[in-house]
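In each ligand, atom 1 is the first atom listed, and ligand 1 is the first ligand listed. Every value quoted in this text rests on a predicted model; they were computed, and no experiment measured them.
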Amino acid sequence: MADIKTEIDYGPLTFLIGKWEGHKGEDLAPEPDGEENNPYYETIVFEAIGDVTNAESQILVALHYRQIVKRKSDDKVFHDETGYWMWDAGNDIIMHSLTIPRAVALLAGGHARKEGQAIVYEVAAKRDDPDWGIVQSPFMQRKANTTAFTHTITLTGDELRYRETTMLDIYGRSFEHTDQNILTRQR
Ligand code: HEM
């Protein structure tokens, strides 16, 4: 694993800290008459931001992240995402909050586990889920409703692979919007 030293114990999140770059992005997105494939490249920066105490009893450690994604075809940013990854050590729960400028935000929950040399982070959220939910503007609720989200990161040393699935009700059907990439830690 990468040699990352912090004063606070970020537990399984420790290994995410840093700047990552990847050029093998594959996006499958909805179109009115079908779907589009968008090869992409991106950077993700995870920054350790400290701990917080909730209700004087729950301690969370948190990373802030920023993800900037560009289409290979025109080098333009077509996805801009930010949020936090949090670890509740007492209950061993991983939480991922994200916001995108389509007026959609969510809080996904799950766990991190070891798999051989890798750490696998798996979180999920669902519309109307009382614990891990999705909020979206009235327009998006009507026209491009996000009904579920799953995100799996598999981190092995300086390599980060992710796959996320965003279920959308759009253009009168249910669409599986997927994104995946392989990133390398920048030194
Ligand atoms: C690397 C990650 C992602 C990329 C590259 C991406 C890219 C895209 C693209 C190309 C579209 C088609 C519409 C357009 O051309 O603007 C789209 C639609 C959409 N995406 Fe994503 N997306 C990503 C992740 C997400 C996530 C995490 C969410 C929410 C949890 C999300 C929610 C949506 C929604 C609601 C739409 C429907 C809006 C529309 O097509 O009019 N996306 N995305």
Worksheet item: CZ of R161: more than 12 outside heavy atoms within 6.0 angstrom?
Response: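 Not buried by this count: 12 neighbours or fewer within 6.0 Å.
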Fill in: NZ/K24: more than 12 non-hydrogen atoms of other groups inside 6.0 Å
no
Okay, side chain of [X], backbone of [Y]: is any donor-acceptor separation there less than 3.5 Å?
| X | Y | answer |
| --- | --- | --- |
| K72 | H23 | yes |
| Y121 | P12 | yes |
| D80 | I68 | no |
| Q136 | T146 | yes |

Fill in: Heavy-atom closest pair, residues H111 and I93
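Looking at all heavy atoms of both residues, the closest pair is CE1-CG1, 4.3 Å.
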Fill in: Straight-line distance of H177 NE2 to D27 CG, nearest 0.5 Å
5.5 Å
Response to the item:
dist W85:CH2 -> L63:CG (nearest 0.5 Å) comes out at 9.5 Å
Relative to the heavy atoms of [X], which atoms of ligand 1 are at a distance of less than 4.0 Å?
| X | value |
| --- | --- |
| L168 | 34 (C), 35 (C), 36 (C), 37 (C) |
| L106 | 30 (C) |
| E164 | 2 (C), 24 (C), 27 (C) |
| M140 | 35 (C) |
| N38 | 10 (C) |
| T146 | 35 (C) |
| F149 | 27 (C), 30 (C) |
| E81 | 27 (C) |

Worksheet item: By side chain to side chain donor-acceptor pair (under 3.5 Å), which residues pair with Q58, not counting sequence neighbours?
Response: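 Partners of Q58 by the side chain to side chain donor-acceptor pair (under 3.5 Å) criterion, ordered by chain and then number, come out as N54, D88.
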Worksheet item: So which protein heavy atom does atom 40 (O) of ligand 1 come closest to, and at what separation?
Response: I170 CD1, 3.7 Å
Worksheet entry | Identity and distance of the protein heavy atom lying nearest atom 15 (O) of ligand 1 | E36 OE2, 3.4 Å
Worksheet item: For the side-chain contact (heavy atoms from CB on, under 4.5 Å) test, which of T152, T150, D179 pairs with T165?
Response: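 Looking at T152, T150, D179, the match for T165 under the side-chain contact (heavy atoms from CB on, under 4.5 Å) is T150.
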Under a 4.0 Å heavy-atom limit, does [X] contact ligand 1 with its side chain, its backbone, both, or neither?
| X | value |
| --- | --- |
| K70 | neither |
| N181 | neither |
| E31 | neither |

Worksheet item: If we ignore angles and hydrogens, is there a donor and acceptor under 3.5 Å between the side chains of Y171 and E31?
Response: no
Item to complete: Quick one: which residue pairs count as a salt bridge (Lys or Arg N to Asp or Glu O under 4.0 Å) with a foot in residues 95-117, not counting sequence neighbours?
Response: R113-E115, R113-E122
Worksheet, complete the sentence: Near atom 21 (Fe) of ligand 1, meaning under 2.8 Å, the protein N/O/S atoms are H177 NE2
Looking only at heavy atoms of [X], does any of them come nearer than 4.0 Å to an atom of ligand 1?
| X | result |
| --- | --- |
| Y162 | yes |
| Q136 | no |
| H151 | no |

Worksheet item: Does V45 sit in a hydrophobic cluster with other residues, and if so which ones, taking ILVMFWY side chains as linked at heavy-atom separations under 4.5 Å, directly or through other members?
Response: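 Members besides V45: none; it forms no cluster.
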